Amino acid sequence: MASKIFRAVLRPFSEPWARASGYRKYGLIYDDLIIEESPVAQEALRRLPREVMDQRIFRLKQAFQLSLSFEYLPSNLQPTPEQDKAYFLPLIKQVQAETNEREAFDSLQFVK
Amino acid sequence: MSQVLRLTRNKQAAASFAKRGFVSAASPSSAFTTTKNGVRVAAIPDSVANQLASVSVVLNNGSRFETATSAGAAHYLKDFAFRNSKKRTAFRKIREAELQGAMLSSEVTRENIIYTIECLKQDVPYFLDQLAEMTTSTLFNEWEFDEIQGHVQLEADIARANPHTLVLENLHKAAFRSGLGNSLFASHTSPISSSSEVEEYFNARFGSNSVAVIGTGISSSDLASLVEQTQLSSLSNNAAVSQLSKSKFYQGAEIHVDASAEHTHYAIAFQAPNPSTASLLAEYLGTNSHVKWCNGISPLGSLSTKLNANISAFSQSYSDVSFVGVNVVASSENIASAVSATINQIKSSTNASQLNAAAFERASSSSAMKAAIASETISGQRSTLSNAIFSSEHKSDAVDANIFASAAASVFAQKPTVASVGNTLSVPYLDTL
């Protein structure tokens, strides 16, 4: 309930906030920013479908290049809010759930 | 982190099931029933008190249903057993099985794919629920495919390295071309390269009319009522699962494969009218020895001793066709003479004077013994049930001495189909026999 109100209050600010944080100017989408140097993220990365992975690598390389040359992507090529969809976070959550399950089983009390 | 996991999901069902009791000595034979939506159920209860039970889901989707675009899919589907499904991860299934002492296995035959859990009797409701959940909602994740592919290729390579398996595969290929002739193993040339293709193959023949549940150590009425409580009871009929067209046995076909080995394996097959005749004829000719360290006195057994070769008969039965065959293993330089001696032996031992009542008696008691041994083991019971469950009638054809003698004469008068693995320069071709 509290989370519902919280969401309703913050929702209108989310889009301007995302725009202001500027990652879309480099052609990135939000899930490209997630830190991938963890075992969970690495496993999630492995599970990405081939074409999604290819697009991710392309966006990252493009962003490095733009950053090096102090440029922004032309506005017509920047990702729209509709394109800024979660593709990585759901997999991370899935892998995290599996890790939690494994921990639960490793420390389980057996009740029959 | 400490957590409490409850492993008896369906406590009520388990309790009522335990009360009902398992051992029903009243009907030791198996019984075939169906649930309301048409899922076939069969089980063999214990004749003596025993702790062990097993439940299997049988999918009528074995390698004979593969097409050119789905060759090898059945082998992959077998390996998708106990993988991630909607409610349980693969990890969870394995840990639960370990905790309750169950054993998980899956196998592929030319007709069926069988997922089996062997467990203690009180755990049957629990594991049946797990099996049903897995059957109806395996996720076929793309990222699981690589791991499965490695295992499938390993199994295929091991099978290819075994000349006996290879010669049987080629015998089927020669005798049936497609359908039953499809390989059980996904070869390197298999067109299957993603989970979605396996899922497509699975869905094409998935419905209440192509799924069966078989059990051992449990009565079929108990098993049927347990199946009614699982997701399998909400399956609907799949119209695409039509009656299959009858397999044609191509006589006079031959496949010879070169293999650099000292010995050559040569298999000869004759079409038989029904499974019981096929098995009787094989037993008459001599399957394997009943005495250790000796070849026995059956027609082929004595020939084996004389030629210093391994010659034995076998029979294979499917829902619509059966055949009796002879497998000859001899050194490559002697294979031609061994095969022609075998053919002569078959001819001479199936003439009318040899096929007397005593010969029939020997064959039928040997065949009955084999069936009795099979019915003692869980895997034997499982293969009996799974072979019978999708055929329309569950009785075996009665064979007496006269039918046997006339069948023997007509079966071995036909042109055989042969396959061999070994030195193709020395194997005899069919027209030279």
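Since this is a predicted model, take the numbers as computed values, not measurements. All values below come from the heavy atoms of this structure, side chains included, with hydrogens, waters and symmetry mates left out. The sequence lines fix the lettering, A, B, ..., with proteins before strands; numbering per chain opens at 1.
Within the model, atoms CZ of A:F105 and CD1 of B:I94 stand 11.0 Å from one another, a figure rounded to the nearest 0.5 Å.
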* Between B:N141 and A:R47, is a side-chain contact (heavy atoms from CB on, under 4.5 Å) present by the stated rule, with each step listed? -> CA-CA 9 Å; B:N141 283 318; A:R47 296 184 184 186; over 6 Å; no

* To do: Start with the C-alpha gap between B:N84 and A:E98, add the side-chain angles, then the distance that decides, and say whether side-chain contact (heavy atoms from CB on, under 4.5 Å) holds.
  => CA-CA 11 Å; B:N84 292 343; A:E98 285 174 22; 4.2 Å; yes

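Remark: A:E15 CD is packed, more than 12 non-hydrogen atoms of other residues, nucleotides or ligands lying under 6.0 Å away. Environment of CZ in A:F64: sparse, with no more than 12 heavy atoms of neighbouring residues, nucleotides or ligands closer than 6.0 Å. For A:Y23, the OH atom sits in a packed shell: over 12 heavy atoms of surrounding residues, nucleotides or ligands are nearer than 6.0 Å. The number of heavy atoms from other shown groups lying within 6.0 Å of CD (B:E147) does not exceed 12.
Looking at A:R102 and B:F91, their side chains come closer than 4.5 Å, going by heavy atoms from C-beta outward. Between A:L48 and B:W143 the shortest side-chain heavy-atom distance does not fall below 4.5 Å.
Neither the backbone nor the side chain of B:D146 comes within contact range of chain A; no heavy atom of the residue lies under 4.5 Å from a heavy atom of that chain.
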